[in-house]
Amino acid sequence: MGDVAFAITAPSSWLPVQRAHLSEFLTTPPGELDLDAFTIDVHTDDTAFHQIAETVTRSTTASVIEPVPGLFLREAPQPNGERRYLVAADNVESQPGAYAVAVQGRDIELFTHSGTARPHRYPIRLVREAMLRTYEDAGGVIFHAAGVDLDGAGVMICGPRGAGKTTTTATLLRTPGAALLSNDRLVLHSGDHMVAVPLPVPTARGTIQAFPELEHLVHDGLDMLPADFGATVKHAFTAREFAEAFGARLTSRSVLRLIVVPRLTDTAEPARTRRLPLREALEVVAANCFTPRDEFWVRPWVVPRHSTDDQLREQAGTTIRHIATTVPCVEVSLGVHNPIGDLARAVLDMTGGLE
């Protein structure tokens with residue numbers, strides 16, 4: 001959650017499991033910015049869910065939005081300014097009607113019911129959405145990247161899906177004193193300050209098999225994962241589970257000192273590293289910048305942005321130029337038919353001089 005504070009209330013029988021779930025992704029706040037605080041009130045009884053679901057369904061002013069590709073929410077604005085949402089269709093997790101949400105200002109209510117599968121995962125999704133939009137309005141910029149801290153020196157691993165971000169992150173976490181920020185999104189603010197975004201760590205079968213630290217956690221489930229290089233079906237570790245598998249910890253912040261661009265391929269090509277010239281560094285960083293448009297969270301909904309798209313593009317452009325010109329950007333390429341130790345040696349060469 002970074003420096004965005006959340007107070008979560010829920011039935012006493014529900015809170016212990018919720019705290020345990022949140023602890024798998026969250027750690028001590030960075031303490032760098034004074035940002036808005038939110039409340040999330042969780043209702044778990046069927047009556048409350050059906051009451052709010054009925055108001056959304058019957059609303060004559062409701063419309064349908066698609067905040068995530070394949071997830072459709074029915075949005076019903078209320079006369080008092082409150083916004084209410086109900087899952088209308090879900091082509092992502094096949095959970096239509098799983099939950100409802102009511103938002104007024106910085107007060108959020110989540111409604112689940114007895115048929116909601118794994119309901120404790122939903123509060124952190126609201127936390128993440130509110131966090132990202134709040135940071136953007138405070139000058140932050142979101143990147144499609146993983147982040148690792150090496151004794152105070154931050155490494156941002158960026159690239160498209162299938163490039164090898166998770167494999168490279170795992171390699172870095174073997175470094176003594178390493179800490180994981182997050183796996184797939186980072187917020188940068190104040191130029192080079194990195195902030196973790198709470199997310200699971202989807203990991204492909206090949207990466208799991210390359211690291212005994214991960215393989216023993218999956219056990220029999222490994223056979224259910226496709227063996228194809230670039231497969232999209234993966235095992236999802238929690239952030240803490242992934243980090244602690246390597247004897248590492250979670251951290252919420254670091255200071256960017258190196259950008260790593262992995263290029264892992266389904267070949268036997270030997271490991272190579274290359275310092276990218278400025279033009280290429282700018283292209284890579286810009287391609288992995290998800291402000292103002294994220295490829296997955298395509299439409300803000302819990303917390304509407306106060307900044308315009310043009311303002312967000314301008315602050316993103318400033319951040320892109322700053323880090324591309326001041327932070328080394330190194331490409332590491334490797335054919336995955338080589339030993340994982342080859343990647344480790346290449347990564348060690350890149351990070352050896354970090355301070």
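Numbers for residues simply follow the sequence, beginning at 1. No hydrogens, no waters, no symmetry mates; every other heavy atom, side chains included, goes into these values.
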Cluster overlap [X] with [Y], hydrophobic side-chain contacts below 4.5 Å:
{"X": "V103", "Y": "F49", "value": "no"}
{"X": "V141", "Y": "L132", "value": "no"}
{"X": "V330", "Y": "V255", "value": "no"}
{"X": "I142", "Y": "L256", "value": "no"}
{"X": "V197", "Y": "I124", "value": "yes"}

If you draw a 6.0 Å radius around CZ in R161, do more than 12 non-hydrogen atoms from other residues or ligands fall strictly inside?
no

Does atom CZ (R293) have a neighbourhood of more than 12 heavy atoms from anything else shown, all under 6.0 Å?
yes

Stepwise, does the side chain to side chain contact (heavy atoms under 4.5 Å, CB included) test hold for L222 with R205?
CA-CA 7 Å; L222 191 62; R205 178 173 177 169; 3.8 Å; yes

Least distance between heavy atoms, [X] atom then [Y] atom:
{"X": "L225", "Y": "V233", "result": "CD2-O, 4.1 Å"}
{"X": "L126", "Y": "L110", "result": "CD1-CB, 4.0 Å"}
{"X": "D149", "Y": "R253", "result": "OD1-O, 4.3 Å"}
{"X": "V87", "Y": "P96", "result": "CG1-CA, 3.8 Å"}
{"X": "P304", "Y": "R83", "result": "CD-NH2, 3.5 Å"}
{"X": "F290", "Y": "A287", "result": "CE1-O, 4.4 Å"}

Side chains of [X] and [Y]: closer than 4.5 Å at any heavy-atom pair?
{"X": "V148", "Y": "L173", "answer": "yes"}
{"X": "T39", "Y": "I108", "answer": "no"}
{"X": "R321", "Y": "V285", "answer": "no"}
{"X": "L180", "Y": "F246", "answer": "no"}
{"X": "V42", "Y": "I8", "answer": "yes"}
{"X": "P67", "Y": "L73", "answer": "yes"}
{"X": "I323", "Y": "I259", "answer": "yes"}
{"X": "L312", "Y": "D310", "answer": "no"}

Before giving the answer on side chain to side chain contact (heavy atoms under 4.5 Å, CB included), spell out for F211 and T203 the whole-Å C-alpha distance, their side-chain angles and the decisive distance to 0.1 Å.
CA-CA 11 Å; F211 294 93; T203 308; over 6 Å; no

Strictly by modelled atom types, are [X] and [Y] linked by a side-chain donor-acceptor pair under 3.5 Å?
{"X": "T166", "Y": "T207", "answer": "no"}
{"X": "D184", "Y": "H144", "answer": "yes"}
{"X": "D36", "Y": "T134", "answer": "no"}
{"X": "E32", "Y": "H189", "answer": "yes"}

Charged N to carboxylate O below 4.0 Å: is that the case for [X] and [Y]?
{"X": "E136", "Y": "R305", "value": "yes"}
{"X": "R125", "Y": "E129", "value": "no"}
{"X": "E280", "Y": "R275", "value": "no"}
{"X": "R174", "Y": "E213", "value": "yes"}
{"X": "R263", "Y": "E331", "value": "yes"}
{"X": "D294", "Y": "R185", "value": "yes"}

Under 3.5 Å, which donor-acceptor pairs link side chains of residues 21-29 to any protein atom two or more places apart or in another chain?
from: S23; atom 1: OG; to: A20; atom 2: O; distance (Å): 2.7
from: E24; atom 1: OE1; to: T238; atom 2: OG1; distance (Å): 2.5

Expected output: side-chain [X] to main-chain [Y] donor-acceptor under 3.5 Å:
{"X": "N288", "Y": "G159", "value": "yes"}
{"X": "E241", "Y": "V201", "value": "no"}
{"X": "N338", "Y": "A271", "value": "no"}
{"X": "Q78", "Y": "A76", "value": "yes"}
{"X": "R74", "Y": "V56", "value": "yes"}
{"X": "K165", "Y": "P262", "value": "no"}
{"X": "T308", "Y": "Q311", "value": "yes"}

Just checking Y99 against Y85, ring centres under 6.0 Å apart?
no

Is the ring centre of H235 less than 6.0 Å from the ring centre of F237?
yes

When you look at L15 and T9, which way does the side chain to side chain contact (heavy atoms under 4.5 Å, CB included) test go after all the steps?
CA-CA 8 Å; L15 278 174; T9 59; over 6 Å; no

Run the side chain to side chain contact (heavy atoms under 4.5 Å, CB included) check on F242 and N183 step by step: do they pass?
CA-CA 10 Å; F242 190 84; N183 175 66; 5.6 Å; no

Return the orientation label for the H113 and H50 ring planes: parallel under 30°, perpendicular over 60°, tilted otherwise.
parallel

Please report the interatomic distance [atom1]([X]) to [atom2]([Y]), rounded to the nearest 0.5 Å.
{"X": "D45", "Y": "S114", "atom1": "CG", "atom2": "OG", "value": "10.0 Å"}
{"X": "T60", "Y": "R58", "atom1": "OG1", "atom2": "CZ", "value": "12.5 Å"}
{"X": "S307", "Y": "R133", "atom1": "OG", "atom2": "CZ", "value": "11.5 Å"}
{"X": "Q315", "Y": "T319", "atom1": "CD", "atom2": "OG1", "value": "7.0 Å"}
{"X": "R128", "Y": "F6", "atom1": "CZ", "atom2": "CZ", "value": "11.0 Å"}
{"X": "L334", "Y": "E269", "atom1": "CG", "atom2": "CD", "value": "9.5 Å"}

Contacts of type side-chain hydrogen bond (donor to acceptor under 3.5 Å, both in side chains), residue R299, not counting sequence neighbours:
none

Test salt bridge (Lys or Arg N to Asp or Glu O under 4.0 Å) on E93 and R121; report intermediate values, then the result.
CA-CA 12 Å; E93 296 176 325; R121 60 186 165 160; 3.2 Å; yes

